[in-house]
Undergrad: 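I'd like to ask you about the structure that follows.
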Amino acid sequence: MNRLLLEGKNLSRDFPAGHGRKLHAVTDISLRIYEGETLGLVGESGCGKSTLGRLLIRMLEPDSGKLYYRGNAVSGISEKDFHPYRRDLQMIFQDPYASLNPRMTVRDLIAEPLEAWHVCGSREETTKKVLRLMEAVGVPGEFLMRYPHQFSGGQRQRIGIARAIALDPALIVCDEPVSALDVSVQNQILNLLNELQKNRGMSYLFISHDLSVVHHIADRVAVMFLGKIMETGYVKDIYESPQHPYTRFLLNAVPVPDPHRREDTVELLKGEPPSPVDLPKGCVFHTRCPYATEQCRNEVPAMRPAGRTEAACHYPGVS
Amino acid sequence: MEHNILEIDHLHVVFPSSKGETSPVNDVSLRVPAGKTVGIVGESGCGKSMTARAVMGLIHAPGRITEGEIRLCGRDLRKLSEKEYCSLRGSEVSMIFQEPMTSLNPVMKAGHQVEEVLRLHTDIPESELKQRVIDIFRAVGITEPEKRYNCYPHELSGGLRQRVIIAMAMICRPRLMIADEPTTALDVTVQAQILRLMKDLVSDDTGLLVISHDLGVIAKLCDYVYVMYAGRIVEESDIFTLFDDPQHPYTKGLMDAVGSLRRDAEVLSTIPGVVPSLAHLPAGCSFCLRCENGSDRCEKELPGLIQTGPGHKVRCHLMKEAGQ
Amino acid sequence: MFQGKHSDSRIQKIPDAEQDIRLLSQLGEEQTLGKKLGRMAKENPLAVISAAVILVLILGAVFAPVLTPYSYTGMDLRNRLAAPSAAHLFGTDEGGRDILTRLLYGSRISLLTGVVPALLSLVLGTALGILSGFAGGKTDSLIMRLADIMLAIPSMLLAMVIMYTLGGGLGNVFLTLTLVNWAGVARIIRSETLKLKNTEYVEAARVIGVSKSRIMLRHILPNCVPTMIVLFTLNIPSSILTESSLSFLGLGVQAPDASWGLMINAGRQYLYTAPWLCFVPGIAIMVTVLAFNFLGDGLRDVLDPHQNRE
């Protein structure tokens with residue numbers, strides 16, 4: 001295993017939900033990201049995966065919990081003290097239309113991180129570096145002075161990626177980077193992300209609701225449900241022998257693009273996720289879990305090894 | 001012979017733009033036979049939703065239908081007045097939209113909204129309306145229908161809202177239902193439930209037209225599929241032939257893209273380039289700019305839909321007529 | 001056939017890769033400022049006429065000495081209160097001065113008191129609005145409570161008090177009008193900033209490590225510009241009106257300088273005998289204010305992102 005890069009310990013974050021109530025987006029999550037790996041973070045909408053991604057790079061402050069970067073405590077320090085780490089922790093956003101300032105040219109967009117950190121000595125040098133970055137992400141150099149709206153979604157996402165890799169970060173949080181794109185374009189971006197990782201050796205935290213995308217890109221996977229991690233493990237183990245019932249239901253629910261296999265044979269999860277405002281007691285999944293017992297309703301299951309993965313379940317592997 | 005619920009012939013929808021006119025729907029012909037589910041699959045901007053809107057009579061100015069026929073059970077829809085269309089929508093043809101939040105009125109109780117459809121299109125006595133709505137809520141799998149009847153849309157989850165929309169779409173037993181990306185906004189586990197529900201929507205004398213970008217959804221629901229690209233149908237076939245033996249380079253590319261992701265190939269297959277701007281379509285095949293086998297002929301001459309097998313048509317110069 | 005190369009060159013040929021959905025509804029096409037103004041010209045002839053009126057006013061103010069043979073202070077007591085004639089197009093006032101001449105010179109002051117305070121309050125209001133919205137917390141509360149107080153006091157009353165304390169004169173008029181108008185600008189720019197602050201591209205800039213001041217300058221300010229243009233055009237007429245009222249009350253520009261408000265004030269006593277003394281500057285004020293309002297509305301229709309009809 002590679003060296004530990006980033007570690008979150010017991011991270012929690014609530015948001016005000018009106019009427020004095022709280023939305024529990026992330027509850028007591030501990031997570032490790034190693035050097036050079038891709039950690040996939042999957043879960044359904046509202047499970048807190050985006051919040052967790054932002055907590056890990058301090059784009060959001062946790063209510064409680066600690067954050068370590070290469071062994072240094074980086075939570076609880078002032079924004080100014082954290083600033084040097086910012087350069088190493090970058091992000092790619094979901095919406096390639098909203099994440100680029102419509103009034104800036106491609107050159108200025110990609111130069112922005114370089115200028116903010118005074119990476120290059122002169123304006124010419126910066127432009128040269130911008131062109132090299134454009135080449136690396138596959139945007140033709142002649143588009144240097146164009147504005148974002150003159151590009152397709154896929155190309156905009158490439159520009160977003162160029163911005164993220166400009167500072168040679170150690171970790172990029174990819175927040176649903178391909179879910180706004182069409183399949184054929186989505187694959188181009190996934191290939192690009194893989195290629196960049198091979199050449200530059202950074203780690204990804206890849207947040208997605210799409211299980212097949214995560215299957216392809218991740219080395220390890222963490223499955224989230226309602227602000228908690230249900231199961232983590234190597235991608236192969238999670239997809240082949242999931243231990244947590246939620247992981248299994250989630251994997252079964254994906255429609256297979258094969259009409260020969262469309263007969264409904266698998267059991268489906270009943271109902272819908274409970275509201276993150278009123279979390280169920282005990283295991284957060286128990287209201288939807290067909291195997292739930294009295295213990296599940298009262299006692300929060302701890303994360304522990306189960307089969308080849310780790311699962312937060314009192315009865316891992318039940319079926 | 002089976003009869004068709006919906007027949008579209010050579011439909012053209014045109015939008016004026018700063019660069020002349022664009023055709024998001026270009027010479028589209030399709031059939032929805034009784035008792036069948038037909039799919040239109042394609043990437044964003046291919047014209048699939050616009051085709052559905054044309055059937056619903058919902059093309060707003062400055063867009064307009066310039067040519068073609070749309071027949072619902074033999075009745076020419078293009079000859080209808082706006083008033084006649086209004087009485088048709090909801091009763092004989094209905095639509096399930098992608099976004100369950102915005103397609104319900106936020107200040108009206110869910111039950112009342114469904115009731116409204118009944119009140120408009122049927123003469124069921126006022127006293128029975130509520131019971132009808134509760135029955136249909138039960139039929140689409142809404143738990144505690146009496147309680148949900150009095151809920152406002154924001155009090156319902158995404159899945160429940162989509163069920164309310166489906167209830168609203170089917171309560172008058174329309175001949176044709178159109179589902180435009182019905183599960184795109186939903187979570188996987190909820191999507192699976194809704195897909196299962198939608199499989200049972202079609203009866204012997206009704207049809208369902210499903211529009212989706214997701215080959216998984218199409219594979220799950222449809223009997224027959226049309227593949228659209230840049231406003232045109234490029235391939236049509238029954239579901240099994242399409243997935244087993246796709247012919248058009250675009251369909252192949254799409255299948256490969258999805259397939260390589262599932263196989264977890266080292267490098268995923270992609271379709272090079274981007275979807276061309278509708279304002280800059282080549283004179284010939286719209287896909288020729290991205291096609292590996294594109295020739296000068298492809299660029300200049302528009303291929304017709306060539307029959308390559310029973311019920312299998314492909315718009316590509318590389319195809320040979322079946323039997324030749 | 002050299003297929004590999006061939007197909008590559010084809011891919012390069014794809015014209016402007018525009019966003020596909022946008023192609024369907026060409027309405028959403030991202031437009032440059034020029035295109036938007038062109039659209040306004042086509043759809044809103046009133047705004048174009050207004051722009052033309054304003055242009056004529058500006059030309060009149062600039063070329064006043066060339067356009068009229070008279071001096072705006074030169075008395076001609078034999079010709080007091082002359083009715084409009086070929087020699088004096090709009091007649092003369094109680095001192096025998098040509099009214100057209102005084103109107104033209106007065107437009108200099110009216111336009112200046114329209115534009116300068118509108119500009120100053122725009123700068124002040126935008127700066128405080130962006131700061132308030134972006135910084136939040138105590139800074140925000142402080143600036144906004146100050147703005148609330150300014151907005152709570154009737155602006156005319158406030159202007160009168162300030163002018164009374166500081167005394168008349170053009171400089172003090174500018175200062176007063178700026179103090180009266182900045183709060184409205186600040187509130188609107190603040191709400192705009194709050195919206196922009198939550199956009200993904202501002203978050204993206206924060207991730208990159210761009211400093212706060214730079215985010216305000218490069219990401220928030222440029223995206224406020226359309227709103228600022230609209231606010232600017234809509235603030236001009238209110239400044240002109242306030243100045244006219246102040247001068248009318250004797251608190252603004254002092255005689256013998258010509259100001260439209262002052263002219264109405266002077267003509268008041270002759271309302272029945274020589275009505276043109278009041279009517280001519282009155283109509284001038286009305287036309288100018290309407291022209292700026294119509295132009296502002298027209299600009300808002302095409303520039304304001306919140307009013308975009310789609």
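Since we're looking at a predicted model, the values are computed, not measured. Proteins get letters first, then strands, A, B, ... in listed order; numbering begins at 1 in each.
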Undergrad: In Å, rounded to the nearest 0.5 Å, how long is the span from CZ of A/F225 to SG of A/C47?
TA: 9.0 Å
Undergrad: What's the shortest heavy-atom distance between A/L109 and A/P148, and which atoms?
TA: CD1-CG, 3.7 Å
Undergrad: Can you tell which of B/L160, B/L242, B/L195 has the highest number of heavy-atom pairs within less than 4.5 Å of chain A?
TA: B/L160
Undergrad: Run the side-chain contact (heavy atoms from CB on, under 4.5 Å) test on A/V42 and A/M224 for me, step by step, so that the C-alpha distance in whole Å, both residues' side-chain angles and the decisive distance to 0.1 Å come before the verdict.
TA: CA-CA 6 Å; A/V42 289; A/M224 257 183 102; over 6 Å; no
Undergrad: What is the distance from atom CD1 of A/I165 to atom CG of A/L196, rounded to the nearest 0.5 Å?
TA: 4.5 Å
Undergrad: Dump the table of donor-acceptor contacts under 3.5 Å between chain A and chain B, or return none if there are none.
TA:
residue : atom : partner : partner atom : Å
A/E44   : OE1  : B/T189  : OG1          : 3.3
A/E44   : OE2  : B/T189  : N            : 3.2
A/E44   : OE2  : B/T189  : OG1          : 2.5
A/S45   : N    : B/D187  : OD1          : 2.8
A/S45   : OG   : B/D187  : OD1          : 3.0
A/S45   : OG   : B/D187  : OD2          : 3.1
A/D182  : OD1  : B/S44   : N            : 3.2
A/D182  : OD2  : B/S44   : N            : 3.2
A/D182  : OD2  : B/S44   : OG           : 2.8
A/S184  : N    : B/E43   : OE2          : 3.4
A/S184  : OG   : B/E43   : OE2          : 2.9
A/N187  : ND2  : B/A257  : O            : 2.8
A/N187  : ND2  : B/S269  : O            : 2.8
A/Q188  : NE2  : B/I271  : O            : 2.7
A/Q188  : NE2  : B/G273  : O            : 3.4
A/N191  : OD1  : B/L268  : N            : 2.8
A/N191  : ND2  : B/L268  : O            : 2.8
A/H216  : ND1  : B/D264  : OD1          : 3.0
A/H216  : ND1  : B/A265  : O            : 3.4
A/H260  : NE2  : B/D244  : OD1          : 3.0
A/H260  : NE2  : B/D244  : OD2          : 2.8
A/R262  : O    : B/K199  : NZ           : 3.3
A/R262  : NH1  : B/A219  : O            : 3.3
A/R262  : NH1  : B/K220  : O            : 3.4
A/R262  : NH1  : B/C222  : O            : 2.7
A/R262  : NH2  : B/C222  : O            : 3.2
A/D264  : OD1  : B/K220  : NZ           : 3.3
A/V266  : O    : B/R196  : NH2          : 2.9
A/L269  : O    : B/Q193  : NE2          : 2.6
A/G271  : O    : B/Q193  : NE2          : 3.0
A/E272  : OE1  : B/S157  : OG           : 2.7
A/E272  : OE1  : B/G159  : N            : 3.3
A/E272  : OE2  : B/S157  : OG           : 3.0
A/E272  : OE2  : B/G159  : N            : 3.4
A/E272  : OE2  : B/L160  : N            : 3.1
A/R288  : NH2  : B/T189  : OG1          : 3.3

Undergrad: Only pairs of heavy atoms separated by less than 4.5 Å count here; which of B/L254, B/I239, B/I218 has the most with chain A?
TA: B/I239
Undergrad: Can you tell me how far apart CD1 (B/I142) and CG (B/L156) are? Round to the nearest 0.5 Å.
TA: 7.5 Å
Undergrad: What residue, out of B/L221, B/L261, B/V258, B/V217, has the most heavy-atom pairs lying under 4.5 Å from chain A?
TA: B/L261
Undergrad: Which distance, rounded to the nearest 0.5 Å, do you find between the CG of A/L250 and the CG of A/L269?
TA: 8.5 Å
Undergrad: Can we call the ring centroids of A/F143 and A/F151 under 6.0 Å apart?
TA: yes
